[in-house]
Amino acid sequence: MSPTTRRPARRRALAAAATVSATLVALALAACGTTEDPADAAGASTTAPPAGTGPVDVTDERGTVHLDAPATRVVSLEWGLTENLVALGVKPVGEADVKGYNTWDTSAPIDASTPDVGTRGEPSLDAIVALHPDLVVTTTDLPENVIKQIATKVPVLALRGSDGSDPIGYMRRTVTTLAQVTGTQGQGATLLTDFDAKVDAAKADLEKAGKTGAPFAMADGWVDNGTVSVRMYTPGSFFGGIGAELGLKNQWTTGGDKDYGLATTDVEGLTTITDADTTFVYAASDSEADPFADGLKDNKVWKQLPFVGAGHVKRIPDGIWMFGGPLSAERYVDAVVDALS
């Protein structure tokens with residue numbers, strides 16, 4: 001199950017053809033910057049060190065990636081990777097679906113004028129090459145034949161979007177790897193240290209509120225022809241992993257896919273959550289109908305659920321990307337603490 005879009009339609013429109021879509025745009029770039037000042041890096045606290053200090057070799061999901069020097073001109077084809085790059089102080093010179101990124105991930109916004117290289121599922125090889133990047137970063141959700149074709153023109157770093165067996169560990173690996181290929185190891189270490197400090201502080205806040213080990217469930221959803229589908233975040237999901245870091249008890253533990261830890265159900269399926277003390281946390285966006293507050297407001301099954309009757313349904317703030325890095329993770333930690341306490 002891919003998180004590339006947020007609704008059922010959210011599934012990545014995977015390119016079946018052997019060639020990458022060569023849409024649009026001979027994109028002209030005039031002296032695009034490669035690193036941002038810390039004030040522009042959405043929470044980055046130190047300036048990225050200058051690149052060009054020597055060769056880099058890292059291992060991704062496809063093998064070894066060699067660069068003659070740390071990359072300064074990076075094109076990102078996946079939003080979670082983009083967030084991490086910005087957090088490291090690296091400004092992508094090209095991005096897949098700029099508007100969508102800035103809608104769904106406000107933890108690390110990018111300039112709206114950033115050249116758009118197509119969708120995450122169907123990037124444009126022509127648009128990518130026109131930007132003369134040192135590196136393209138993507139996830140293995142992109143079909144292998146598409147990755148191979150890009151790699152004939154530009155070095156490609158391909159990571160998993162997440163790992164359902166260790167989502168927080170894979171987040172750490174992703175940050176560390178991106179820091180290595182961009183020469184920003186110091187900032188990468190700072191991001192992970194700050195995340196650990198945020199978790200420790202939040203656990204103390206939950207203890208003070210008497211919420212240590214509290215039951216919770218995390219979901220998002222969509223409305224299709226009047227029917228609400230629900231996507232549950234198991235312990236193998238990014239948000240579920242953060243809940244585990246906080247010591248919370250996830251009330252939905254089964255059915256998650258191997259990468260993202262996501263399980264699909266419907267409102268009747270939610271009847272398996274029987275503890276009225278459960279806090280049901282969910283993500284939505286003002287850019288779409290709220291599947292729970294709007295889609296289920298008149299649903300009898302929904303209104304009879306114990307946690308609904310107890311008033312324990314909480315929507316997290318918009319723009320916290322459900323498959324992001326430390327910046328989204330820290331905002332989610334705050335949202336969960338607020339929801340529970």
Side-chain angles (χ1 to χ4, degrees), residues 2-4 12 15 20 32 34-35 48-49 51-97 101 105 108 110 114-115 117-125 127-129 131-163 167 169-185 187-189 191-192 238 259-260 321 323-326:
S2 169
T4 351
R12 193 183 291 272
V20 183
C32 247
T34 56
T35 58
T53 56
V56 177
D57 291 281
V58 298
T59 301
D60 70 356
E61 297 297 336
R62 302 173 68 246
T64 299
V65 178
H66 172 80
L67 301 175
D68 292 335
T72 61
R73 298 182 61 82
V74 183
V75 169
S76 178
L77 304 182
E78 187 52 65
W79 294 347
L81 302 178
T82 303
E83 178 191 312
N84 283 318
L85 287 170
V86 175
L88 290 167
V90 178
K91 178 182 178 181
V93 299
E95 166 69 24
D97 189 1
Y101 173 80
D105 194 338
I110 60 174
T114 301
V117 297
T119 68
R120 290 176 291 161
E122 295 186 38
S124 164
L125 181 58
I128 292 169
V129 173
L131 298 173
H132 306 292
D134 304 318
L135 180 69
V136 172
V137 297
T138 187
T139 66
T140 51
D141 294 322
L142 197 64
E144 174 62 19
N145 63 303
V146 177
I147 295 175
K148 281 183 177 180
Q149 182 153 8
I150 297 172
T152 64
K153 302 292 185 180
V154 184
V156 175
L157 177 75
L159 300 172
R160 291 172 68 180
S162 188
D163 181 351
Y170 202 84
M171 177 195 76
R172 293 179 182 279
R173 177 189 167 183
T174 298
V175 171
T176 299
T177 302
L178 290 174
Q180 288 176 316
V181 296
T182 57
T184 58
Q185 290 94 328
Q187 180 58 22
L191 287 173
L192 297 178
F238 179 54
D259 287 327
Y260 296 101
W321 185 228
F323 317 99

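This one's a predicted model, so the numbers in the text were calculated from it and none came from an experiment.
- Rounded to the nearest 0.5 angstrom, D105 CG and E83 CD are separated by 4.0 Å.
- Considering only residues two or more places apart in sequence or on other chains, T174 meets the side chain to side chain contact (heavy atoms under 4.5 Å, CB included) condition with L81, N84, L159, Y170, L178.
- Judged as a side-chain hydrogen bond (donor to acceptor under 3.5 Å, both in side chains), and not counting sequence neighbours, the contacts of S76 are T82.
- Taking the side chain to side chain contact (heavy atoms under 4.5 Å, CB included) definition, one finds that V56 meets it with V58, L67, P70, V181, sequence neighbours left out.
- Counting only residues at least two apart or in different chains, salt bridge (Lys or Arg N to Asp or Glu O under 4.0 Å) contacts with residues 173-185 comprise E61-R173.
- Looking at heavy atoms from C-beta onward, I150 lies in side-chain contact with L142 at the 4.5 angstrom threshold.
- Expressed to the nearest 0.5 Å, how far NZ of K148 lies from OG1 of T152 amounts to 11.5 Å.
- Residues that satisfy the side chain to side chain contact (heavy atoms under 4.5 Å, CB included) test with T64, not counting sequence neighbours, are D57, T59.
- Under the salt bridge (charged side-chain N to carboxylate O under 4.0 Å, His left out) criterion, R160 pairs with D163, D259, sequence neighbours left out.
- Distance check: L125 CG to Q149 CD gives 5.5 Å after rounding to the nearest 0.5 Å.
- Panel note: side chain R73, backbone H132; a donor-acceptor pair is recorded below 3.5 Å.
- For the pair S124 (side chain) and A127 (backbone), a donor-acceptor distance under 3.5 Å is present.
- By the side-chain hydrogen bond (donor to acceptor under 3.5 Å, both in side chains) test, D134 is found to be paired with T72, residues two or more places apart in sequence or in another chain being considered.
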